[in-house]
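First comes the structure, then the notes that go with it.
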Amino acid sequence: MTDIAYAPGYYVEQSPRLMALVALLTGRAARMAAPDESFHFLDIGSGRGFTALVLAATNPGWTVTGIDFNPGHVAAARDLAARAGIGNCRFIEADLARFDGADLAPVDAASLHGVWTWVDDQVRAGIVRLLAERLVPGGFCHVSYNVQPGWGGMIGLQRLMREAGRRLAFRADRQAERGFEIVRRLVGQDGERADEKAQAILRALADKPGAYLAHEFMNANWRPCFHADVVEAFAEAKFSYVGSPHLLDNFVELVLPPVALDLAREFEDPAMTELVKDLTLGRPLRHDIYVRGERRLATGARDQALKDLALGLSVPSTHRSLKFQTASGEATMNASFYEPVFARLAQGVARVGELLDVARPPGRSPAADNPAELVAMLVGTGQAVMVASPGLPMTRQAVALNAAMFAEQIGAGPWNRNIGLAVPALGGAFNLPAVGAFAVLRQHDWLSDATVGQALPTPDRATIEGWLEAALPNQEQDLRQAMADGVEGFLRNSRATLAALGLPC
């Protein structure tokens, strides 16, 4: 699709640090590049550049390159970089079927988000060729794609949507909207006449804008595929599958019911485990991490690398939970082990090694010397994040980029969404509800070279209402008051947590 832009956003699965963490958790060697190190990240299918620019703004030593087929995307990304004053990121318009990357420096990590399932065989071959020639040995690559058999019930409905839309409208977003209307007339408003998996997908699509639907479904080359076929394609560039950036997915005991688990354990080939997962869970989208030349780590070396990582709470301490949902049901963390961990993180960022020290109960827990379990549980349940540079303040570029990204996303849709804000201390972005992101940005209006490191003032109700009146002058008073309540609650609950992560508000 080139006549309309794709919906912008930041996707944490594309983070090179998360790729390295997945490798460490699964026993592979990995480079966890610091923000001031020389490092080249390549975003293939970079869209409007949000992920690429976040990584560039929060890692000033890195070089970031975005490649996209859509010239509108490239123009928008370049404009955003200029407005935020980000000089270590460039964007290239290219057809990946022919692009050879001859002028690209060697690439340390790459990502393809929302590309593989939507392009033809020539483009797929071009991507693999580019990665084989430019990604360094030991480099990682993230790939997301629509996976079979989760999309089985949608294959015919997508074709109906595309064929009907093309005959009923001209612009791609209107084609998608009209085509989606036809699908819902056939299968019911809630998809009740479709199969169970298709129903779930249709429910998830119900509130998506036309631009999103167009890029997802109006492409003639849309082809969901099996994980094993992606593994085979990337093997041509000497890639090996590492694992999932959704950390708990890497622990089969947590995601598979007993029958499927027993079946998966009969095979040594990890591709069979992933096939059993996809068949059992029926999920429509995969995020995979690959490495070009894997090196196995001894357990001691792996554990030491994990112990050196810094973690911070990503939820208010009062919202922590020992219970979490997995694909196979509810699970519970060991309270005697994890409660001291949460208590220490409530005081601020800590290294994993320190968390293990405070967590050891009398007589030592079997998990006490297992940093992989601790990191996977905390980060995998969304209750902690890696902190690349504890104590690093916000920068002018990050503040400017956040304001510009927020304006583009809110201008393109409703406020009931999450928005990523660049945080230099994290070396990436932190996703917040739109009301929370709005509150942070208004507080950051107070930031300047003279106020760096100072505590931000606490806004009173009149100040918050003034923010919203200026931002939403035509909004109904009752709704503005409800949003003001939301801003007040967000700041009251989240200020300490976000400040510890390097995002003052």
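What you see is a predicted model, and the numbers here were worked out from it, not measured in a lab. Heavy atoms only: backbone and side chains are in, while hydrogens, waters and symmetry mates are out.
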ring-ring contact (aromatic ring centres under 6.0 Å, His included) contacts touching residues 265-314 (sequence neighbours left out): H113-H287, H142-H287, F234-Y290, Y241-Y290, H246-H287
When you look at Q409 and F50, which way does the side-chain contact (heavy atoms from CB on, under 4.5 Å) test go after all the steps? CA-CA 10 Å; Q409 291 180 88; F50 278 32; 3.4 Å; yes
Close side-chain approach of L202 and D190, heavy atoms under 4.5 Å: no
Quick one: CE on M405 to CG on L80, what's the gap to the nearest 0.5 Å? 7.5 Å
Determine, step by step, whether K197 and D195 satisfy the salt bridge (charged side-chain N to carboxylate O under 4.0 Å, His left out) criterion, reporting the C-alpha distance in whole Å, the side-chain angles of both residues, the deciding distance to 0.1 Å, and the verdict. CA-CA 6 Å; K197 292 175 183 176; D195 70 29; over 6 Å; no
Judged by atom type as modelled, is there a donor-acceptor pair below 3.5 Å linking the side chain of N250 to the main-chain atoms of L247? yes
So, are D278 and R283 salt-bridged, with charged N and O less than 4.0 Å apart? yes
Nearest heavy-atom neighbours spanning A169 and R178: CB-CG, 4.3 Å
Kindly determine whether F91 and L53 satisfy side-chain contact (heavy atoms from CB on, under 4.5 Å), including the steps that lead there. CA-CA 10 Å; F91 294 93; L53 288 168; 3.8 Å; yes
Is the side chain of R292 donor-acceptor paired with the backbone N or O of L135 at a distance under 3.5 Å, no angle test? yes
Between the CG atom in L426 and the CZ atom in F430, the distance rounded to the nearest 0.5 Å is 7.5 Å
Any donor-acceptor pair under 3.5 Å linking the side chain of R295 with the backbone of G138? no
Is the closest basic N to carboxylate O distance between E253 and R265 below 4.0 Å? yes
For the pair R286 and D288, find out whether any cationic side-chain nitrogen is under 4.0 Å from an anionic carboxylate oxygen. yes
Does the side chain of V352 come within less than 4.5 Å of D308's, by heavy atoms? no
For A398, is there any backbone N or O sitting under 3.5 Å from a side-chain donor or acceptor partner on N402? yes
Can you give me the closest heavy-atom contact between C141 and L131, atom names plus distance? SG-CD1, 3.9 Å
Taking side-chain hydrogen bond (donor to acceptor under 3.5 Å, both in side chains) as the definition, give me every residue that meets it alongside D121, ordered by chain and number, with sequence neighbours left out. R223
Pair R134 + D103, salt bridge at N-O below 4.0 Å: no
Does this structure show an ion pair linking K277 with E274, if we count only N-O contacts that are shorter than 4.0 Å? yes
With the threshold set at 4.0 Å, does a side-chain nitrogen-carboxylate oxygen contact exist between R185 and E181? no
Sequence neighbours excluded - side chain to side chain donor-acceptor pair (under 3.5 Å) pairs with any residue from residues 33-44: Q14-D43, R31-E37, H40-T65
Any chance you could lay out the side-chain hydrogen bond (donor to acceptor under 3.5 Å, both in side chains) test for S15 and R17, step after step, and finish with the verdict? CA-CA 5 Å; S15 165; R17 287 194 186 86; 5.5 Å; no
